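Let me begin by presenting the structure, written as structure tokens, before commenting on it.
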Amino acid sequence: MQTDHSILNVSQGVGSNSHILLAIPFIVVLVLYLLAVAVSNRKHKKWPISRTILWGIGVGCALVAVSGPVAQRAHMEFSFHMLGHLLLGMLSPLLLVLAAPITLTLRTLPVTLARRLSYILRSRIIGMVSDPIVAAILNIGGLWVLYTTSLYEAMHHDILLFLFIHIHVFLAGYLFTISMIYIDPTPHRTGYIYRGIVLILYLSSHGILSKYIYAHPPIGVPRGQAQSGGMLMYYGGDMIDLILIVIFCYQWYKAVRPGMNISKSKDKENFGEPKSFKG
């Protein structure tokens, strides 16, 4: 019990400073996206409102996870921490990817800058980190390290570590999502079978980790809280993963049935795979 209290006392001090620092980037990208929509609408046809709504909800999920009541309770109750993980590392990245930010950026930027961005997206480093197996390891591998070592306890004592872990959880979730489903133009494309195998392995590893947390609480977490958090991770993660699976299967179905007229729906209703990447 002494360890539990020490974690809570220190984490409250860490949290009061980290919440603002973590919230600022998401507020900035929300404003930038809205500005990009305004600029894009002047140059091209109107940007689908559904994409903008998805971006707003995605940013909102991230803000709930890193600031406000949920983030504050996450320092005291593991189930709220796990809720934050689901929002920050799974639901928010999925919604943001569906908002097609790269497509919007390419539409908005001047030709010279758009070409530079295209060059960056075609680079080897982007291809490496967006490879499904690498993205999956960064995502689920990071969670295994966090919850099966002393890292979870340590982050409550170090604000830099606390910030790094939360940033990693979000970025790893985003990278994994863009490696599974192609909403934006994608220069480094991989096959459906390869992605499908990686997705199955990821889902299995995520489920096993949730059960491990249930049976083996992270250091400093009471068993009752670990059990409720593990169950939330298991069932809540499955609900979010189901959305990802449906979109992945929908894109695969379209790819193997090119004669179907599914792709003729409006852009705001279409989450199918984009055309080949063009610089």
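What you see is a predicted model; the values in this text were computed from it and never measured. Along the sequence shown, residues carry numbers from 1.
- A pairwise comparison of heavy atoms in Leu95 and Cys61 identifies CD1-SG, 4.1 Å as the closest pair.
- The hydrophobic cluster containing Ile102 does not contain Val111, counting ILVMFWY residues as joined when their side-chain heavy atoms lie under 4.5 angstrom apart, directly or transitively.
- Judged by the 6.0 Å distance and 45° axis criteria, Arg195 is positioned over the aromatic ring of Tyr182.
- Closest of all the heavy-atom pairs between Val29 and Trp55 is O-NE1, 3.4 Å.
- Residues Ile200 and Ile208 are members of separate hydrophobic clusters, defined by side-chain heavy-atom contacts under 4.5 angstrom among Ile, Leu, Val, Met, Phe, Trp and Tyr.
- Distance CG/Asp238 to OG/Ser210: 7.5 Å, rounded to 0.5 Å.
- Asp184 is not listed as a side-chain neighbour of Val97, based on a closest heavy-atom distance of 4.5 Å or more.
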Worked check of side-chain contact (heavy atoms from CB on, under 4.5 Å) between Gln251 and Met180:
CA-CA 10 Å; Gln251 292 185 340; Met180 288 291 109; over 6 Å; no

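- Side-chain contact check for Phe176 versus Leu199: some heavy-atom pair is nearer than 4.5 Å.
- Remark: the Asn139 side chain and the Tyr174 side chain contain no N/O donor-acceptor pair separated by less than 3.5 Å.
- Between the side chain of Ser40 and the backbone N or O of Val37 there is no donor-acceptor pair closer than 3.5 Å.
- Arg51 places a side-chain heavy atom less than 4.5 Å from the side chain of Ile183.
- Ile181 CD1 to Leu94 CG: the interatomic distance, rounded to the nearest 0.5 Å, is 5.5 Å.
- Looking at Phe26 and Leu88, their side chains come closer than 4.5 Å, going by heavy atoms from C-beta outward.
- The closest side-chain heavy-atom distance from Tyr234 to Met82 is not below 4.5 Å.
- Residues Ile27 and Ile57 share a hydrophobic cluster, clusters being chains of Ile/Leu/Val/Met/Phe/Trp/Tyr side chains in contact below 4.5 Å.
- Aromatic ring centres of His166 and Phe170 lie farther apart than the 6.0 Å criterion allows.
- Shown are Tyr192, Tyr202, Tyr253; of these, the ring-ring contact (aromatic ring centres under 6.0 Å, His included) with Phe248 is made only by Tyr192.
- Using a 4.5 Å heavy-atom cutoff, the side chains of Val59 and Ser92 are not in contact.
- When every heavy atom of Leu87 is checked against every heavy atom of Ala65, the shortest pair comes out as CB-CB, 4.0 Å.
- Atom OG1 of Thr177 is separated from atom CG of Leu244 by 6.0 Å, given to the nearest 0.5 angstrom.
- The two atoms that bring Glu153 and His157 nearest to each other are O-CD2, 3.0 Å, heavy atoms only.
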For residues 211-232, run the donor-acceptor check on the side chains, cut-off 3.5 Å, and write out each pair with its distance to 0.1 Å, sequence neighbours left out.
{"from": "Arg223", "atom 1": "NH1", "to": "Ala215", "atom 2": "O", "distance (Å)": "3.2"}
{"from": "Gln225", "atom 1": "OE1", "to": "Phe78", "atom 2": "N", "distance (Å)": "2.9"}
{"from": "Ser228", "atom 1": "OG", "to": "Gly224", "atom 2": "O", "distance (Å)": "3.4"}
{"from": "Ser228", "atom 1": "OG", "to": "Gln225", "atom 2": "O", "distance (Å)": "2.9"}

Check residues 140-147 and write down every donor-acceptor pair under 3.5 Å in which the side-chain atom is one partner and the other belongs to a residue at least two apart or another chain.
{"from": "Trp144", "atom 1": "NE1", "to": "Ser205", "atom 2": "OG", "distance (Å)": "2.9"}
{"from": "Tyr147", "atom 1": "OH", "to": "His81", "atom 2": "NE2", "distance (Å)": "2.7"}

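- Once rounded to the nearest 0.5 Å, the distance linking OG1 of Thr112 with CG of Leu117 reads 12.5 Å.
- Once rounded to the nearest 0.5 Å, the distance linking CD1 of Ile165 with CG of Asp158 reads 9.0 Å.
- Annotation: side chain of Val198 is in contact with side chain of Tyr194 (closest heavy-atom distance under 4.5 Å).
- Linking ILVMFWY side-chain heavy atoms closer than 4.5 Å, directly or via other members, places Leu63 and Val31 in two distinct hydrophobic clusters.
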Candidate pair Lys43 and Arg107, rule side-chain contact (heavy atoms from CB on, under 4.5 Å), full reasoning:
CA-CA 8 Å; Lys43 297 181 179 180; Arg107 281 165 51 111; over 6 Å; no

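- Side-chain atoms of Leu106 and Ser118, non-hydrogen and from C-beta on, do get closer than 4.5 Å to each other.
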Might you work through the side-chain contact (heavy atoms from CB on, under 4.5 Å) test for Thr108 and Trp47, ending with a clear yes or no?
CA-CA 11 Å; Thr108 305; Trp47 185 251; over 6 Å; no

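- Taken to the nearest 0.5 Å, the CG atom of Leu109 stands 13.0 Å off from the CZ atom of Arg115.
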The test is side-chain contact (heavy atoms from CB on, under 4.5 Å); show your working for Asp131 and His188 and say whether it passes.
CA-CA 8 Å; Asp131 183 271; His188 305 281; over 6 Å; no

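- Note on Leu209 and Leu242: separate hydrophobic clusters, where clusters join Ile, Leu, Val, Met, Phe, Trp and Tyr whose side-chain heavy atoms are under 4.5 Å apart, directly or indirectly.
- When all heavy atoms of Pro101 and Tyr33 are compared, the pair lying nearest together is CA-CE1, 4.2 Å.
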